[in-house]
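Single-structure report; data block below.
On a predicted model such as this, the values are computed, not experimentally measured, just so you know.
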Amino acid sequence: IHYSHKHKDKYKDKEHKHKDHKKDKEREKSKHGSRYWMGMKSLDGKVKKEKENGFASPPHMKIEPEEDFYHSPKLAKSLKRERDDDNDLDFKPKKIKTENDKKAKKRKQEDEFLFLFLWEEERYTDGVKWKFLEHKGPVFAPPYEPLPSNVKFYYDGKPMKLSPEAEEVATFFSKMLDHEYTTKDIFRKNFFKDWRKEMTSEEKAKITDLKKCNFTEMSEYFKGLSEARKAMTKEQKLKIKEENERLLQEYGFCIMDNHRERIANFRIEPPGLFRGRGDHPKMGMLKRRIRPQDIIINCSKNSKHPEPPPGTKWKEVRHDNKVTWLVSWTENIQGSIKYIMLNPSSRIKGEKDWQKYETARRLKKCVDRIRAQYREDWKSKEMRVRQRAVAIYFIDKLALRAGNEKEEGETADTVGCCSLRVEHIKLYPENEGQEYVVEFDFLGKDSIRYYNKVPVEKRVFKNLQLFMENKEPDDDLFDRLNTSVLNKHLQELMDGLSAKVFRTYNASITLQQQLKELTNEDENIPAKILAPPKTFEKSMQNLQAKIDAKRDQLANAKRDLKAAKADAKGLRDDKSKKTVETKRKAVQRIEEQLMKLEVQATDREENKQIALGTSKLNYLDPRISVAWCKKWGIPIEKIYNKTQREKFAWAIDMAEKDFEF
DNA sequence: AGCACGGACTCAGAAAACTTACA
DNA sequence: GTGTAAGTTTTCTGAGTCCGTGC
């Protein structure tokens with residue numbers, strides 16, 4: 001590997017005394033791709049190198065063809081090196097693909113070490129994330145378009161023209177009419193409260209009861225619009241597509257340290273009604289429209305700053321290169337900050353991802369020690385140490401999340417390990433032939449139910465009994481523990497260790513073991529390994545879809561029933577009474593069907609379903625899969641789709657067939 | 001010292017959009 | 001061949017983790 005930079009040369013020389021540099025260089029050049037980390041698929045010839053800062057905005061930057069997913073970063077360049085501005089060619093890393101070459105293998109390991117070295121250097125010096133950042137700012141939600149005059153809102157059966165502000169909020173509700181949300185009390189209450197805030201004083205005086213509001217005409221109108229959109233001609237659809245593409249090209253990319261990087265979310269979230277997950281106390285509240293004066297822009301001083309729309313101003317333009325976001329604003333529901341950041345394919349996210357797996361690999365080296373330690377701590381004299389030790393055991397063995405404490409009444413009531421309450425576990429000294437069984441039943445992240453019955457060590461069991469003594473169901477199980485205490489301890493056990501590293505480590509190591517175990521030479525590999533989880537997951541999803549459909553159907557039927565009732569009240573004839581009865585029966589029938597489906601779903605749940613998609617993206621070191629593919633000659637496309645390949649470009653490039661997690 | 005708080009970042013499922021298989 | 005359903009990918013944004021800061 002050639003580094004013109006002295007200090008790297010020095011480092012390199014130490015490690016590679018006898019390398020044939022010339023050969024390497026040639027090989028490298030002939031290779032189409034290049035080492036991701038060194039980012040040598042540069043913008044050479046595309047970005048004008050503007051010298052010293054080297055980052056002046058390239059006025060006519062070309063778009064890199066999509067199939068080339070190496071929007072490779074110049075890590076080396078972003079590191080602090082003296083600006084002797086040698087040309088980039090000298091930085092070209094090696095592409096090592098020589099299968100039989102032992103040297104290559106060795107070099108690869110050294111490579112990895114070097115990467116680590118470079119990373120550490122960048123990271124621990126000053127926390128700088130970039131040297132140059134330029135972008136076009138966010139794309140705002142389209143302005144509200146008032147309803148045509150023939151689409152009416154009715155209050156108490158009478159048409160009523162709403163002020164634009166009140167009307168807009170009403171349309172948000174009308175668009176969700178088919179959704180289960182709108183039947184929930186909290187949702188309706190929150191919505192109505194916030195809606196009234198948008199009303200004129202006359203409207204406020206008149207509209208006092210949500211039940212008397214009739215949004216159906218509005219709802220039908222929007223359904224019609226979406227039908228019309230579906231029925232558009234090919235040309236019209238194409239036109240929209242082109243417009244989107246134009247917007248993407250203009251706003252969907254930024255320049256960060258010499259590379260044109262994809263932005264993850266360049267559109268500002270449009271206004272609407274807040275939909276939390278689970279039993280969220282704030283569901284239905286108005287999520288307000290974000291304006292330029294709410295927006296903070298982050299970019300380089302020496303970049304071309306994005307312009308606010310004519311006649312408006314940004315809240316602030318700052319130049320903080322210790323953070324990775326381009327745009328931020330404060331959201332009005334929880335008061336939290338929202339960001340516009342880069343795509344997972346970007347250098348900055350890729351590096352972080354890679355670092356995450358490196359931390360997990362370091363855990364691999366000391367996990368035995370740590371396990372021995374917490375088992376020892378189960379016997380500690382100190383309560384807090386015992387609690388901590390049992391908690392780590394759960395996190396390790398059951399992949400529980402850390403479980404930060406949350407403000408009551410601000411969010412749905414969900415828990416993780418440290419925030420478990422007595423009511424969430426049951427202890428069985430003896431259960432179905434097993435000893436010391438703990439039954440977990442609680443709502444975790446996104447209000448997803450965690451239900452599990454596991455036998456545990458006797459000591460753990462006894463400890464849990466101890467922790468639960470003299471406590472109420474809603475008391476904390478681990479009253480001497482919280483996530484910051486826990487993580488501080490973990491940090492002492494290993495640099496960079498925190499609760500979530502266990503998930504990454506355990507998921508990845510298991511994948512590796514399973515692949516080793518299940519893959520055998522004389523079998524046709526792909527079918528066997530890839531099929532079962534896929535079909536299983538699918539069947540689960542299908543069921544969920546059925547349930548959802550049934551729910552919608554139920555909501556519809558209920559509404560029909562309501563409408564029929566209203567009619568009957570007005571008309572008082574036999575015919576309408578009869579329809580009410582049929583509708584009522586329909587509702588009942590659908591309710592029963594829904595029940596059946598839900599039972600089915602929980603049954604399957606017992607079989608323990610794993611969200612394969614999520615772990616694939618977030619917990620499994622992609623290098624394991626890449627190595628496996630290379631080893632068995634399986635095309636990487638079989639495993640990762642385009643987006644995933646972009647996200648894992650670093651791993652695809654880095655991992656050889658003998659990679660060991 | 002310890003703790004509340006905010007900030008920045010990863011991870012998560014729902015929904016929308018798109019693609020492919022199938023009647 | 002065409003319309004539709006099923007499957008897959010992409011987008012969206014909410015829900016966590018974790019750490020630094022300031023009292």
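When heavy atoms are screened at a 4.0 angstrom cut-off, A:Lys500 is found touching the sugar-phosphate backbone but no base atom. Across all strands, A:Ser336 comes closer than 4.0 Å to no nucleic acid atom at all (heavy-atom distances). Looking at heavy-atom distances under 4.0 Å, A:Gln334 makes contact with sugar-phosphate atoms alone, never a base. Within the 4.0 angstrom heavy-atom criterion, no nucleotide atom of any strand lies near A:Ala412. A:Ser328 comes within 4.0 angstrom of nothing in the nucleic acid, heavy atoms only. Note on A:Gly416: nothing from the nucleic acid sits closer than 4.0 angstrom, heavy atoms only. Using a 4.0 Å heavy-atom distance criterion, A:Tyr339 is classed as a base contact.
Distances shorter than 4.0 Å separate none of the side-chain N or O atoms of A:Ser447 from OP1 or OP2 on C:dA15. Of the side-chain N and O atoms in A:Tyr619, one or more sit less than 4.0 angstrom from OP1 or OP2 of B:dA12. At least one side-chain nitrogen or oxygen of A:Arg503 sits closer than 4.0 Å to the OP1 or OP2 atom of B:dA12. Between A:Lys287 and C:dG14 there is a side-chain polar atom (N or O) within less than 4.0 angstrom of OP1 or OP2. Phosphate proximity of C:dC18 to A:Ser498: present, with a side-chain N or O under 4.0 Å from OP1 or OP2. Applying the 4.0 Å criterion to OP1 and OP2 of C:dG16, one finds that A:Lys406 has a side-chain N or O inside that range. Residue A:His280 places at least one side-chain N or O closer than 4.0 Å to OP1 or OP2 of C:dA15. Look at A:Asn404 and you'll find a side-chain N or O under 4.0 angstrom from OP1 or OP2 of C:dT17.
Note on A:Lys223 versus A:Asp178: salt bridge recorded, some NZ/NE/NH1/NH2 to OD/OE distance being below 4.0 Å. Using a 4.0 Å cut-off between charged nitrogen and carboxylate oxygen, A:Asp621 and A:Arg623 count as a salt-bridge pair. A salt bridge does not link A:Asp476 to A:Arg421: none of the charged side-chain nitrogens sits closer than 4.0 Å to a carboxylate oxygen. Salt-bridge check for A:Glu410 with A:Lys406: failed, with every basic side-chain N at 4.0 Å or more from each acidic carboxylate O.
Of the candidate nucleotides B:dA12, C:dA15, C:dG14, C:dG14 has the atom lying nearest to any side-chain atom of A:Glu269. Set against B:dC9, B:dT10, C:dC18, the side chain of A:Asn487 has C:dC18 as its closest nucleotide. For A:Arg267, taking side-chain heavy atoms from C-beta onward, the closest of the listed nucleotides C:dG16, C:dA15, C:dC12 is C:dC12. Between C:dG14, B:dC11, B:dA8, one nucleotide has an atom nearer to the side chain of A:Phe274 than all others, and that is C:dG14. Closest approach to the A:Gln491 side chain among B:dA12, B:dC9, C:dC19 is made by C:dC19 (side chain taken as heavy atoms from C-beta onward).
For the pair A:Arg401 and A:Arg318, nearest-nucleotide mapping onto DNA chain B gives the more 5' position to A:Arg318. Across the interface with DNA chain B, nearest-nucleotide mapping of A:Lys488 and A:Lys445 shows A:Lys488 to be the residue nearer the 5′ end. Nearest-nucleotide positions on DNA chain C place A:Asn641 closer to the 5' end than the other of A:Gly444 and A:Asn641.
Taking atom CD1 of A:Ile348 as the reference point, atom C1' of B:dA8 lies 12 Å away to the nearest angstrom. For the pair A:Gln644 CD and C:dT8 C1', the computed distance is 11 Å after rounding to whole Å. Between the P atom of B:dA4 and the CG atom of A:Asn482 lies a distance of 9 Å, rounded to the nearest Å. Across the protein-nucleic acid pair, A:Lys338 atom NZ and C:dT13 atom P stand 7 Å apart, rounded to whole Å. In this structure, A:Lys647 atom NZ and B:dA12 atom C1' are separated by 12 Å, rounded to whole Å. For the pair A:Glu331 CD and C:dC12 C1', the interatomic distance rounds to 14 Å; values are reported in whole Å. At whole-Å resolution of the value, NZ in A:Lys356 and P in B:dT10 are 8 Å apart. In this structure, the CG atom of A:Asn332 is 10 Å from the P atom of C:dG14, given to the nearest Å.
Cation-pi contact between A:Arg645 and A:Tyr640: absent, since separation from the ring centre below 6.0 Å together with deviation from the ring axis within 45° is not met. A cation-pi contact links A:Lys175 to A:Phe222, judged by a cut-off of 6.0 Å to the six-membered ring centre and 45° from its axis.
Around atom CD of A:Glu408, no more than 12 heavy atoms belonging to other residues, nucleotides or ligands sit under 6.0 Å away.
Checked by distance alone, A:Arg277 brings a side-chain donor or acceptor within 3.5 Å of a matching partner on the base of B:dG13.
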